Enquirer: 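Sharing a structure with you now.
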Amino acid sequence: ALALVGPRDLLGRRVVVSAGGTREPLDPVRFLGNRSSGRQGVALARAAAARGAHVTLVAANLSVPVPPGVASVPVETAAQLRDAVRAAAKDADAVVMAAAVADYRPATLADAKIKKRGDGSTPALHLVENPDVLAELAADRLRDGQVVVGFAAETGDDDGSVLEHGRAKALRKKADLLVVNAVGDGRGFGTDVNDVVVLDARGEVVSAAAGSKDDVAHAVWDAVLARW
Ligand code: CTP
Ligand code: CA
């Protein structure tokens, strides 16, 4: 059994991980959401706890269970996630934003169920922008020496490769580390094989990993540990 016990190299560290996908309500029964399962964030929380860290998991609508030994704060919306992450981040040595945070939310929340019009006309959906939790954490620096980590799922397109899009995002967000995940072609979402490159705030590659979400999680903590 001892052979299964890895290094306790995060002992004494406090870390915050956000996971899952936010839901932005339209009315009491409807929301705008996304397909994030929370698996990568949960793997990060599990890996950190196994390495001895005190872990707070800000859990947005997970479809997988919270690992044992991990404190969790359930949230629904981007606004709730922001409040929970910032509260926990005040005394955290690292914050990893693995959650899929809605970029926009409905401008108004109806207090009763929106009825079908029935006259053939269609309603317009008005959206407003949500705060960028990661960019705020990187700008505000809630605690000295705190390592702020973001995730970016990217596909290549006519405007650039996965790495080029990742670099642009790293420069924009100013997080200490950005974990760029190549998605599409059967990689990333809904699978258990991931292909990541870890960039620093200048967009330089600091490490790369391929494998399960657990493998990626350990590679992320290795990169965080190297920054402390
Ligand atoms: N993120 C955040 N708050 C938001 C949107 C995103 O904290 N309102 C975080 C995510 O948790 C992730 C990182 O920012 O760690 C990158 O998210 P992503 O959606 O890839 O970045 P965007 O800037 O929203 O770019 P786009 O959706 O256009 O690719
Ligand atoms: Ca986004």
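Order of listing sets the numbers, starting from 1, for every ligand and every atom in it. Computed from a predicted model, the values in this text were never measured in an experiment.
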Enquirer: Measuring from atom 24 (O) of ligand 1, which candidate in Leu134, Asn130, Asp103 has the nearest non-hydrogen atom?
Expert: Asp103

Enquirer: Charged N to carboxylate O under 4.0 angstrom, Arg143 versus Asp91?
Expert: no

Enquirer: So, are Asp176 and Arg141 salt-bridged, with charged N and O less than 4.0 Å apart?
Expert: yes

Enquirer: Using heavy-atom distances only, which candidate in Val133, Val148, Leu137 approaches atom 3 (N) of ligand 1 most closely?
Expert: Val133

Enquirer: Nearest non-hydrogen contact with atom 25 (O) of ligand 1 belongs to which option: His165, Glu129, Lys169?
Expert: Lys169

Enquirer: Give the residue and atom name of whichever protein heavy atom lies nearest to atom 13 (C) of ligand 1, and the separation in Å to one decimal.
Expert: Phe151 O, 3.1 Å

Enquirer: Please step through side chain to side chain contact (heavy atoms under 4.5 Å, CB included) for the pair Leu134 and Lys174, ending with a clear verdict.
Expert: CA-CA 9 Å; Leu134 178 67; Lys174 301 183 167 65; over 6 Å; no

Enquirer: What atoms of ligand 1 come closer than 4.0 angstrom to any heavy atom of Pro131?
Expert: 3 (N), 4 (C), 8 (N)

Enquirer: Heavy-atom count around Arg202 CZ within 6.0 Å, excluding the residue itself: above 12?
Expert: no

Enquirer: Are Val198 and Leu178 close enough that some pair of their side-chain heavy atoms sits under 4.5 Å apart?
Expert: no

Enquirer: Between Glu24 and Ala102, what is the shortest heavy-atom contact and its length?
Expert: CG-CB, 3.5 Å

Enquirer: In the protein, which heavy atom is nearest to atom 6 (C) of ligand 1, and how far is it?
Expert: Lys173 NZ, 3.8 Å

Enquirer: State whether any protein heavy atom lies less than 4.0 Å from atom 28 (O) of ligand 1.
Expert: no

Enquirer: Is Glu136 near ligand 1, meaning one of its heavy atoms is under 4.0 Å from it?
Expert: no

Enquirer: Which ligand 1 atoms are under 4.0 Å away from a heavy-atom of Gly150?
Expert: 15 (O)

Enquirer: Between Ala47 and Trp221, which heavy-atom pair has the shortest distance, and what is it?
Expert: CB-CD1, 3.9 Å

Enquirer: Ignoring angles and geometry beyond distance, decide whether Val101 reaches within less than 3.5 Å of ligand 1 through its nitrogen or oxygen atoms.
Expert: no

Enquirer: Whether the side chain of Thr56 engages the backbone of Val16 through a donor-acceptor N/O pair (distance < 3.5 Å, no angle test) should be reported.
Expert: no

Enquirer: Is Val149 in polar range of ligand 1, meaning some N or O pair under 3.5 Å apart?
Expert: no

Enquirer: Under 4.0 Å, counting heavy atoms only: does Arg172 come that close to any atom of ligand 1?
Expert: yes

Enquirer: Looking only at distances, please establish whether an N/O atom of ligand 1 is found under 3.5 Å from an N/O atom of Ala99.
Expert: yes

Enquirer: Which residue and atom name correspond to the protein heavy atom nearest atom 15 (O) of ligand 1, and how close is it?
Expert: Met97 O, 2.7 Å

Enquirer: Have Asp214 and Ser212 got a donor and an acceptor in their side chains that come within less than 3.5 Å?
Expert: no

